[in-house]
Amino acid sequence: MTPAELAEAVLAAARAVFAERGLDLEALPAQTAVERPRSPEHGDYASTLAMQLAKRVGRTPRELAAALAERLAELPGIASVEVAGPGFLNIRLEAAAAGELARAVVQSGREYGRSRLLAGQRINLEFVSANPTGPVHLGHTRWAAVGDSLHRILVASGAEVASEHYINDAGSQLEHFGNSLYAAALGEPTPEHGYAGEYVVDIGKQIVAAHPEALSLPRAEALMLFRDEGYRLMLDAMRTSLDRFGVSFDIWFSERELHASGAVEHAIDTLRKQGHVYESDGAVWLRTTDFGDDRDRVLIRANGTKTYIAADSAYYLNKRERGFDKCIYLLGADHHGYVGRLRTIAACAGDDPDYHIEIMIGQLVHLVQSGGPVRLSKRAGAIVTLDELVDLVGVDAARYSLARASTDSTLTLDIDEITRQARENPVYYVQYVAARTASVARNAADVGLHRGAPEDFRPELLAHDKEQELLKALGEYPTVVATAAELRGPHRIARYLEELAGSYHRFYDNCRILPVGEEEITDLHRARLWLNDATRTVIANGLTLLGVGAPERM
RNA sequence: GCGCCCGUAGCUCAGUGGAUAGAGCGGCGGACUUCUAAUCCGAAGGUCGCAGGUUCGAAUCCUGCCGGGCGCACCA
């Protein structure tokens, strides 16, 4: 019996009790959940439904709980139900009913944990969106890890999702970048508003190597060449870094093309039709105060140039016109001023800012090394890049470290610490389970131990405390994935896997899976192998959602 | 001044109103002639920033305050 089935049984019992006593069925929720109590004294699962309902129907929690307990206790698979405290329902399953899960998980394989929760939603998930004027740095790296994992989680929950990287290639930053490359190639100092750093010199050299004539061109032509070639090389480098990190975007969207396609004018027309555009002082304005902004915003300046908000609007509307009904933006805290703006744009376009647009603000990553802070300013040239981080700790450890924290928390990474403790990173604790389970499976095959036919599986033999604990952990996985999808929290997967890993290691330590020496193979060995393989399935599924490998050996 | 996020063990961080607040790391003490000791077991470590409020029940929700981070353009 899975937790979901148990929860449904609790609700069904509530319906029966309500009907029997003439209570208002409308007071019942559409869904309920059972939780896993911290203390084993409180049973395998607990329901708080009676306490939640009592006030609504004017009964005491304990009275309702007692009635529910009576009904639930009769169900097959349920060993006992107790009413405790103010009205908790503490439920114990029979070992066999719990053990069933091992078979169900193995048979579901990669499907275990996937759902249709978000079926029918078409989601555009934008993240990273780094300027093509420098390498992907550590700030972006957090969103790369979190965004890509979220992408996988949303897909696993049934949504149709496109991951998208916006390229800011239309503004003056690219000009400054080109100027900097040119200056570097000439050996001149970095120009004002320019970019510094070794990568600028490197790219400058690459361009000169590929275009020996570059330095003898007239200045204006040379600048254009450095700008365009630098842009191309930088974009390639970004793609390469992200690929190596296991992150590949479905769509790379160019701002330049957005402008070239006339999308900006089109967007302003659309907003005008919605009645929120007006002209004043020679400029074109968006009346964002219609939707709570403290002042209106300019779309087109008096000099005819478009503002960034104009492009933002065009980009949002373009996403909507491409058929996405939910646009999720993953932005760093340094951009949280965008939130109101983007939501207002959606509102001005006639959309529901609480549904069509969703802006996740992730807090920044702080780096410290040798006790002091490390600055991440791109202009200053002191960059800690994605590539450097990966070189230091590897893809798995890097992705895991970044994905296991809530994006609401600023994350402090100590470079020394990461380097030194790479082996102690929690990712290895989890991956070690993948390796151990694989090793057990290999050894089992060597000694002729096989799971056998599913119908010969004896779930009731998995009655040891550690086996039951592990089974409960396995049963939680689908709920964890669903919650991670709904709350957009990939870190929940990581935290869950750490718990599951603990349960497995304790099981492994207490319950011998393989026969020792010449010992005869029994149904218990086979049952434990089912449990071993079920664990391997869940660990692998979970790590996949994080974009982290599940190694066969370590 | 206004807005968003955070404040939980020595450190890094979990905990979408439930029972005795958790994990990893660090430190202390144990466990390998048997499936991988990258593991396990034990002890230690907490006024959940502070003060009120709501609730049968608050780390969680509300208000105020304190502390930290980040933002508030006809810049990109």
Side-chain angles (χ1 to χ4, degrees), chain A residues 35 37-39 41-42 46 48 51-52 54-55 60-61 84-88 90 131 168 170-174 176 193 255 281-285 294-295 297-303 305-311 332-341 359 361-364 366 401 404-414 417-418 420-421 423-433 435-444 446-447 449 483 486-487 489 491-492 494-496 498-499 501-502 504-506 508-517 519 525 528-529 532 553-554:
Chain A
E35 51 192 66
R38 265 192 294 274
S39 163
E41 291 163 35
H42 298 137
T48 58
M51 288 183 284
Q52 290 161 24
K55 186 176 280 182
T60 68
F88 287 101
N90 293 337
N131 284 342
N168 292 101
S172 57
Q173 294 309 310
L174 217 46
H176 295 311
H193 303 301
E255 181 186 2
D281 301 330
V284 177
W285 296 73
D294 49 8
R295 45 168 307 181
R297 308 288 166 175
V298 169
L299 290 170
I300 304 178
R301 302 181 190 95
N303 69 12
T305 58
K306 282 132 190 153
T307 63
Y308 210 72
I309 303 174
D334 52 339
H335 290 82
H336 88 249
Y338 285 26
V339 176
R341 176 197 298 181
I359 300 132
I361 293 300
Q363 300 303 308
L364 305 179
H366 295 294
S401 303
R404 77 186 284 272
S406 155
T407 54
D408 282 343
S409 301
T410 50
L411 189 57
T412 304
L413 293 183
D414 186 321
E417 201 84 344
I418 291 179
R420 180 155 41 83
Q421 297 183 352
R423 291 174 68 83
E424 276 74 43
N425 188 300
V427 72
Y428 297 105
Y429 185 72
V430 175
Q431 286 188 313
Y432 188 48
V433 173
R436 265 192 159 172
T437 51
S439 169
V440 167
R442 280 191 302 270
N443 294 341
D446 285 349
V447 299
L449 169 59
T483 306
E486 274 179 333
L487 300 182
H491 71 284
R492 286 164 186 279
R495 300 299 176 145
Y496 162 78
E498 289 167 29
E499 262 185 57
Y504 177 81
H505 287 312
R506 285 187 287 276
Y508 180 92
D509 219 57
N510 285 274
C511 304
R512 173 83 195 185
I513 300 166
L514 303 180
V516 181
E519 189 187 351
H525 294 127
R528 285 178 172 167
L529 187 57
N532 179 76
R553 300 170 199 275
M554 283 174 74

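Lettering follows sequence order; numbering is per chain, from 1.
With a cut-off of 3.5 Å on both pairing distances, G26(B) has no Watson-Crick or G-U wobble partner at all. As the counterpart of C2(B), G71(B) is assigned, both hydrogen-bonding distances of the Watson-Crick or G-U wobble pattern falling under 3.5 Å. Summarising the base pairing, C50(B) is matched to G64(B) through a Watson-Crick or G-U wobble pair whose two defining distances lie under 3.5 Å. In this structure, G17(B) forms no base pair with any nucleotide, since neither Watson-Crick nor G-U wobble geometry is met with both distances under 3.5 Å. Remark: C32(B) base-pairs with no nucleotide in the shown strands. Criterion, Watson-Crick or G-U wobble with two distances under 3.5 Å.
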May I have the step-by-step check of side-chain hydrogen bond (donor to acceptor under 3.5 Å, both in side chains) for N168(A) and Y308(A), ending in yes or no?
-> CA-CA 10 Å; N168(A) 292 101; Y308(A) 210 72; 2.4 Å; yes
Test log, rule side-chain hydrogen bond (donor to acceptor under 3.5 Å, both in side chains), inputs N532(A) and Y504(A) | CA-CA 8 Å; N532(A) 179 76; Y504(A) 177 81; 2.6 Å; yes
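Using a 4.0 Å heavy-atom criterion, one finds that G85(A) contacts no nucleic acid atom at all. Within the 4.0 angstrom heavy-atom criterion, no nucleotide atom of any strand lies near I300(A). Among the protein residues, H491(A) comes within range of the sugar-phosphate backbone only, with heavy atoms under 4.0 Å from sugar or phosphate atoms but none that close to a base. Base engagement by E41(A) is indicated by at least one non-hydrogen atom pair under 4.0 Å involving a base atom. Across all strands shown, D446(A) has no heavy atoms under 4.0 Å from either base or sugar-phosphate atoms. Counting any heavy atom pair closer than 4.0 Å across all strands shown, R553(A) reaches a base atom. Among the atoms of the strands shown, base atoms are found under 4.0 Å from some heavy atom of H42(A). Residue contacts for R512(A): at a heavy-atom cut-off of 4.0 Å it reaches a base atom on one of the strands shown. Within the 4.0 angstrom heavy-atom criterion, no nucleotide atom of any strand lies near A444(A). Contacts of A170(A) with the nucleic acid, taken as non-hydrogen atoms under 4.0 Å apart, are absent.
Between the C1' atom of A76(B) and the CD1 atom of I309(A) lies a distance of 12 Å, rounded to the nearest Å. As a whole-Å value, the separation of K55(A) NZ from G57(B) C1' is 11 Å. Here the P atom of nucleotide G3(B) and the CZ atom of R295(A) are 18 Å apart, to the nearest Å. One atom, OH of Y429(A), and another, C1' of A14(B), lie 15 Å apart when rounded to the nearest Å. Note: CG (D334(A)) to C1' (C75(B)) measures 14 Å, nearest angstrom. The CG-P distance, from N303(A) to C75(B), rounds to 8 Å in whole Å. Between N532(A) atom CG and U36(B) atom P there is a gap of 11 Å when expressed in whole angstrom units. If you take CZ of R506(A) and P of G24(B), they are 8 Å apart, rounded to a whole angstrom.
Using a 4.0 Å cut-off, no side-chain N or O of Y428(A) falls inside it from OP1 or OP2 of A38(B). Contact annotation: R492(A) side-chain N/O to G15(B) OP1/OP2 distance is under 4.0 Å. The side chain of R341(A) places no N or O atom within less than 4.0 Å of a non-bridging phosphate oxygen (OP1 or OP2) of A73(B). Listed pair R436(A) / C40(B) fails the phosphate criterion, with no side-chain N or O lying under 4.0 Å from OP1 or OP2. Within the 4.0 Å cut-off from OP1 or OP2 of U12(B), not a single side-chain nitrogen or oxygen of N425(A) is found. In this structure, R442(A) does not reach the U36(B) phosphate: none of its side-chain N or O atoms is under 4.0 Å from OP1 or OP2.
Here the shortest heavy-atom pairing between D334(A) and L364(A) reads OD1-CD2, 3.9 Å. In terms of heavy atoms, G332(A) sits closest to I361(A) at O-CD1, 4.2 Å.
For V440(A), counting side-chain heavy atoms from C-beta on, the closest listed nucleotide (C74(B), C35(B), A23(B)) is C35(B). Here A76(B) is the nucleotide among A19(B), A76(B), G18(B) with the atom lying nearest to any side-chain atom of Q173(A). Comparing atom distances between the F88(A) side chain and each of A76(B), A19(B), G3(B) picks out A19(B) as nearest. Proximity note for A46(A) (side chain, C-beta onward) versus A19(B), U12(B), C70(B): the nearest is A19(B). Across C35(B), U16(B), U39(B), the shortest atom-to-atom separation from the side chain of T483(A) is found for U16(B). Comparing G24(B), C70(B), C35(B) by their nearest atom to the side chain of P426(A) picks out G24(B).
Not one N or O on the side chain of S409(A) forms a donor-acceptor pair closer than 3.5 Å with the backbone of L411(A). The backbone N or O of V427(A) sits less than 3.5 Å from a side-chain atom of N425(A), completing a donor-acceptor pair.
Ring-centre distance between H335(A) and Y338(A): below the 6.0 Å cut-off.
Between the C1' atoms of U36(B) and A14(B), the separation comes to 28 Å (whole Å). Using C1' as the reference atom, C62(B) and A43(B) are 41 Å apart when rounded to the nearest Å. Here the separation of G46(B) from C11(B), taken at their C1' atoms, is 15 Å to the nearest Å.
Taking CD from Q363(A) and NE2 from H336(A), the interatomic distance works out to 8.5 Å, rounded to the nearest 0.5 Å.
Of the two residues near RNA chain B, W285(A) and A405(A), the one whose nearest nucleotide lies more 5' is A405(A). Residue order along RNA chain B, read from the 5' end via each residue's closest nucleotide, puts N90(A) first among D509(A) and N90(A).
Applying the 5.5 angstrom centroid cut-off and the 30 degree plane-angle cut-off, the aromatic ring of Y508(A) is stacked upon the base of C35(B).
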Report, one pair per line, the protein and nucleotides 5-8 of chain B atoms (nitrogen or oxygen only) whose separation is under 3.5 Å.
residue : atom : partner : partner atom : Å
C5(B)   : O2'  : Q363(A) : NE2          : 3.4
C5(B)   : O2'  : D408(A) : O            : 2.5

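A donor-acceptor contact closer than 3.5 angstrom is absent between the side chains of R512(A) and H525(A).
Listed by chain and number, the residues in a side-chain contact (heavy atoms from CB on, under 4.5 Å) with R38(A) amount to none (sequence neighbours excluded).
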